[in-house]
Amino acid sequence: MGIRYVIPYTLYLTPYTLHPTLYTLHLTPSAYSTSILITVISLQTMHQKLRVRFAPSPTGGLHLGGVRTVLFNYLFAKKNGGDFVVRIEDTDQTRFVKGAEEYIFKTLSWCGLEPDESPIHGGPYAPYRQSERKSIYREYAEQLVKADKAYYAFELPEELETMRDMYKTPENPSPQYDHRIRMNMRNSLSMTLEETERLLEDKVPHVIRIKMPESETVTLHDMIRGDVNFNTGTIDDKVLLKADGMPTYHLAVVVDDYLMKISHAFRGEEWLPSVPVHILLWRYLFGEDNMPQWAHLPLILKPDGNGKLSKRDGDRLGFPVFAMDWTDPKTGETTSGFREKGFLPEAFINMLAMMGWNDGSGQEIFSKDELIEKFSIERVHKAGAKFDYEKAKWFNHEWIKAEEITRYQEEVKNIFRKRGIEINDTNKLSKVMQSVKDRCTLLPDFYDQGKFFFESPGQWDLDAVKPKWNADKAAFFVEFSEKLKLLSEWSAPSIEGSFKELAAAKNIKAGELQLPLRIMLVGEKKGPPVFEIAAILGLDETVQRISLLLEKI
RNA sequence: GCCGCGUUGGUCAAGGGGUUAAGACGCAUCCCUUUCACGGAUGAAUCACGGGUUCGAUUCCCGUACGCGGUACCA
């Protein structure tokens, strides 16, 4: 009994974890044989380290979905004491974008998701750029040809176009290069051996395509989706090696995942349809038993309508989609990022983690360490999630409130500087930030909320004061200014005490005087408690602002 | 068209044969505060539809619809 339940579990997890005790908890006391089985598996595979990889292609900025994929890889690796490797999949040289790779690594740093191995971090499986590994792929492709699992194909791209036009029907709008038509094409399957060899010797451009079985069921055991079945007959003979000698993604992932000893492979759901190609490649080349455990992550969808979130949506709806600002080197066009918008990386990854994952407890605010501790791939959702910018901002607000201000004080200082206010008094900045942080959702809000502490308000909301203004009140403030100068201790409570005392003596409601004071100090109806503001402003500035408004009203 | 995945409030979602179907964001109202926030309270879902299975389905099975992804010498 126990065995039936525990075996699938061990297949998933035990080989890669060093905590066998976790699993013995699931055993019934009578399941002694099962316990032995687990021990055996653990011992056999304990030396295998869990390894995951993120494999971006350097074609532009990293968007939400990409960072989320990184995050889940990273969390899973760190939780299980594994390695997180970043491999650059730059096999399409026509799409190479200068600066994109550097941008990717900067983004990971900002997010605090530092790789253990990568082209810039180094590692035992270097090189980590596929363009630099070009020479190793061909032999695997050739090996497949020899085993009759792949073949040479000599069509030029234009000829493929012609083929598609030729076979196109209303029922089949996009004909594939597959088992049904491959014998009608120019390839080593349809031609004689001599013909093929001659073409090869003449260096006629060619690709190598996988020979998909006519009808075979391939099953993927996805960690998120469970078993997914495919019929190989519905899939085309994908190109494995391109005419320029570079592998396509299909060949490259499989070869590199094997060579780099990747144990778990997570990627976006858009890859699901090509899974059978990858499984077959594993079976033919390295054995399906050695294949990593797969998990296909749900997509991040655009907030309105449906479909995958794209950077266009951000431009259209007014929110960032990339992690950091990205300037396209060709067009010079800049796409805004979460960092520059004023997001804290803690909030950014927290928000991303909650898109598709939760721990079931209802908790939503997680630090990176907590995420590492609690993350599990089995609790990742199957369905895509629409991105909600309002919720994203809420996360940032929560993090601003929760974090020590020193954590982001430099950023805030820079924001002030960029807008023309140089702050030298760090102590004052700390006080200001402390008192306005509850009102700040994005980092630049500190400027809007705290500007008046550093320069006199340029204009005053006189309309808020005038209707109830009179000579008694004016006299009150004149006297109040004098009283302030005699205060032995300059603090919010003592200022407030003095204020209320005088109001009582003059028989004016203190409440009616507070709004005018606020307008004097702030200029408008906003900000922290007035006496706190006065305390931070200091005696001279407070008195000065009072008299300035007294003249204007 | 074909293949695959998905479908719980506007959004993120928990739950998973018997529940008043959690919680969060946003929204609305109220309380607190003679500012703006924070905080607190309250309100809003026939669990896509149709068939089964069952004493009982939001939960299991099968269809349908809808959405998405793929269908490239792109990843």
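Just so we're clear, the structure is a prediction, and the values are computed from it rather than from any experiment. Quick note on labels: first sequence line is chain A, next is B, and so on, each numbered from 1.
- Contact annotation for A:E171: base contact, defined as any heavy-atom pair under 4.0 Å involving a base atom.
- For the 3.5 Å distance criterion, the side chains of A:E142 and A:Y152 qualify, holding a donor opposite an acceptor.
- To the nearest angstrom, P of B:G4 lies 15 Å from CG of A:D236.
- The gap from the C1' atom of B:G51 to that of B:A13 amounts to 29 Å, rounded to the nearest Å.
- In summary, the side chains of A:Y167 and A:Q176 do not present any donor paired with an acceptor at a separation below 3.5 Å, with no hydrogens or angles considered.
- Atom CD of A:E455 has more than 12 neighbouring heavy atoms from other residues, nucleotides or ligands inside a 6.0 Å radius.
- Rounding to whole angstrom units, CG of residue A:L297 and P of B:C5 are separated by 17 Å.
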Please tabulate the protein-to-nucleotide N/O contacts below 3.5 Å involving nucleotides 9-14 of chain B, giving atom names and distances.
| residue | atom | partner | partner atom | Å |
| --- | --- | --- | --- | --- |
| B:C12 | OP1 | A:K386 | N | 3.0 |
| B:A13 | OP1 | A:G356 | N | 3.1 |
| B:A13 | O3' | A:N358 | ND2 | 3.0 |
| B:A13 | O3' | A:H381 | NE2 | 3.0 |
| B:A14 | OP1 | A:N358 | ND2 | 2.9 |
| B:A14 | OP1 | A:H381 | NE2 | 2.7 |
| B:A14 | OP2 | A:H381 | NE2 | 2.6 |
| B:A14 | O3' | A:R379 | NH2 | 3.4 |

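- A:Y249 and A:D92 form no side-chain donor-acceptor contact under 3.5 Å, judged by distance and modelled atom types alone.
- The distance from the CG atom of A:L241 to the CD1 atom of A:I210 is 13.0 Å, given to the nearest 0.5 Å.
- Under the 3.5 Å distance criterion, with hydrogens and angles disregarded, a donor-acceptor pair is assigned to the side chains of A:Y151 and A:D237.
- When each of A:V218, A:D236, A:L280, A:T234 is checked for a side chain to side chain contact (heavy atoms under 4.5 Å, CB included) with A:M212, only A:L280 meets the rule.
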Please list, for nucleotides 40-45 of chain B, all pairs of protein and nucleotide N/O atoms separated by less than 3.5 Å.
none

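- Screening A:E270, A:R225, A:E269, A:R267 for a side chain to side chain donor-acceptor pair (under 3.5 Å) involving A:H296 leaves a single residue, A:R267.
- Here B:G69 is the nucleotide among B:G6, B:G26, B:G69 with the atom lying nearest to any side-chain atom of A:L299.
- Distance A:R180 CZ to B:C3 P: 10 Å, rounded to the nearest Å.
- Spacing between B:G9 and B:U46 at atom P, rounded to whole Å, works out to 9 Å.
- Checking A:E524 against A:Y177, the closest nucleotide of RNA chain B that is more toward the 5' end is the one next to A:E524.
- With rounding to whole Å, A:H179 atom NE2 is found 12 Å from B:C2 atom C1'.
- Between the CG atom in A:L199 and the CZ atom in A:R186 there is a gap of 6.5 Å [rounded to 0.5 Å].
- Side-chain proximity of A:E390 to B:C5, B:G26, B:A75: nearest is B:G26.
- The residue A:E512 sits close to a base: some heavy atom pair falls under 4.0 Å.
- Between the CG atom in A:L156 and the CD atom in A:E161 there is a gap of 12.0 Å [rounded to 0.5 Å].
- Between A:K401 and B:G39 there is a side-chain N or O to OP1 or OP2 distance below 4.0 Å.
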Enumerate the protein-to-nucleotides 61-63 of chain B contacts in which both atoms are nitrogen or oxygen and the separation is below 3.5 Å.
none

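- In the model, A:E216 has no side-chain atom that pairs as donor or acceptor with a side-chain atom of A:N231 under 3.5 Å.
- In terms of position along RNA chain B, the nucleotide closest to A:A392 lies nearer the 5' end than the nucleotide closest to the other residue of the pair A:A392 and A:L513.
- Interatomic distance, A:F446 CZ to A:M433 CE, rounded to the nearest 0.5 Å: 4.5 Å.
- A:P115 pairs with exactly one of A:Y128, A:F54, A:F105 by the side chain to side chain contact (heavy atoms under 4.5 Å, CB included) rule, that one being A:F105.
- Contacts between residues 269-279 of chain A and RNA chain B, counted as heavy-atom distances below 4.0 Å, involve A:E269, A:E270, A:W271, A:L272, A:P273.
- Between A:K168 atom NZ and B:U71 atom P the separation is 15 Å, expressed in whole Å.
- Side-chain atoms of A:R68 come within 3.5 Å of backbone N or O of A:P298 as a donor-acceptor pair.
- A:R209 and A:N187 are not linked by any side-chain donor-acceptor pair at a separation below 3.5 angstrom, with hydrogens and angles left out of the test.
- Within 4.0 Å of A:I519, counting heavy atoms only, lies no atom of the nucleic acid at all.
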| task | For RNA chain B, just give me the dot-bracket, please: Watson-Crick or G-U, both distances below 3.5 Å, ( ) intra-strand, [ ] crossing earlier pairs, | paired with another strand, . unpaired. | result | (((((((..(((.....[....))).(((((.......)))))....(((((..]....))))))))))))....
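- Separating the CG atom of A:L309 from the P atom of B:G69 is a distance of 12 Å, rounded to the nearest angstrom.
- Taking every side-chain heavy atom of A:R439 into account, B:C36 is the closest of B:C36, B:G4, B:C38.
- Atoms CE and CG, on A:M291 and A:L281 in that order, are 11.0 Å from each other to the nearest 0.5 Å.
- Looking at heavy-atom distances under 4.0 Å, A:S57 makes contact with sugar-phosphate atoms alone, never a base.
- A heavy atom lying under 4.0 Å from RNA chain B marks the following residues of residues 526-533 of chain A, by number: A:K526, A:G527, A:P528, A:P529.
- The residue A:Q363 sits apart from the nucleic acid: no heavy atom pair falls under 4.0 Å.
- Here the side chain of A:E89 is nearest to one of B:A75, B:A24, B:U35, namely B:A75.
- As rounded to whole Å, 14 Å separates atom C1' of B:U33 from atom NZ of A:K525.
- Side-chain contact, A:S131 with A:D90: a donor N or O sits under 3.5 Å from an acceptor N or O.
- Using a 4.0 Å cut-off between a side-chain N of Lys or Arg and a carboxylate O of Asp or Glu, A:K134 and A:E132 do not qualify as a salt bridge.
- Using a 4.0 Å heavy-atom criterion, one finds that A:K308 contacts the sugar-phosphate atoms exclusively.
- Under the 3.5 Å distance criterion, with hydrogens and angles disregarded, no donor-acceptor pair is assigned to the side chains of A:Q459 and A:E524.
- Here the shortest heavy-atom pairing between A:I405 and A:S430 reads CD1-O, 3.3 Å.
- Comparing atom distances between the A:K242 side chain and each of B:A72, B:U34, B:C74 picks out B:C74 as nearest.
- Between A:T91 and B:A75 there is a side-chain N or O to OP1 or OP2 distance below 4.0 Å.
- At whole-Å resolution of the value, CG in A:D445 and C1' in B:C36 are 12 Å apart.
- Residue A:V228 is in sugar-phosphate contact alone, with no base atom involved, counting any heavy-atom pair closer than 4.0 Å across all strands shown.
- Residue A:N229 is classed as a sugar-phosphate contact, given heavy-atom separations below 4.0 Å to backbone atoms only.
- Using a 4.0 Å heavy-atom cutoff across all strands shown, A:N172 reaches at least one base atom of the nucleic acid.
- Using the six-membered ring where Trp is involved, A:F375 and A:F72 have ring planes that are tilted, between 30° and 60° apart.
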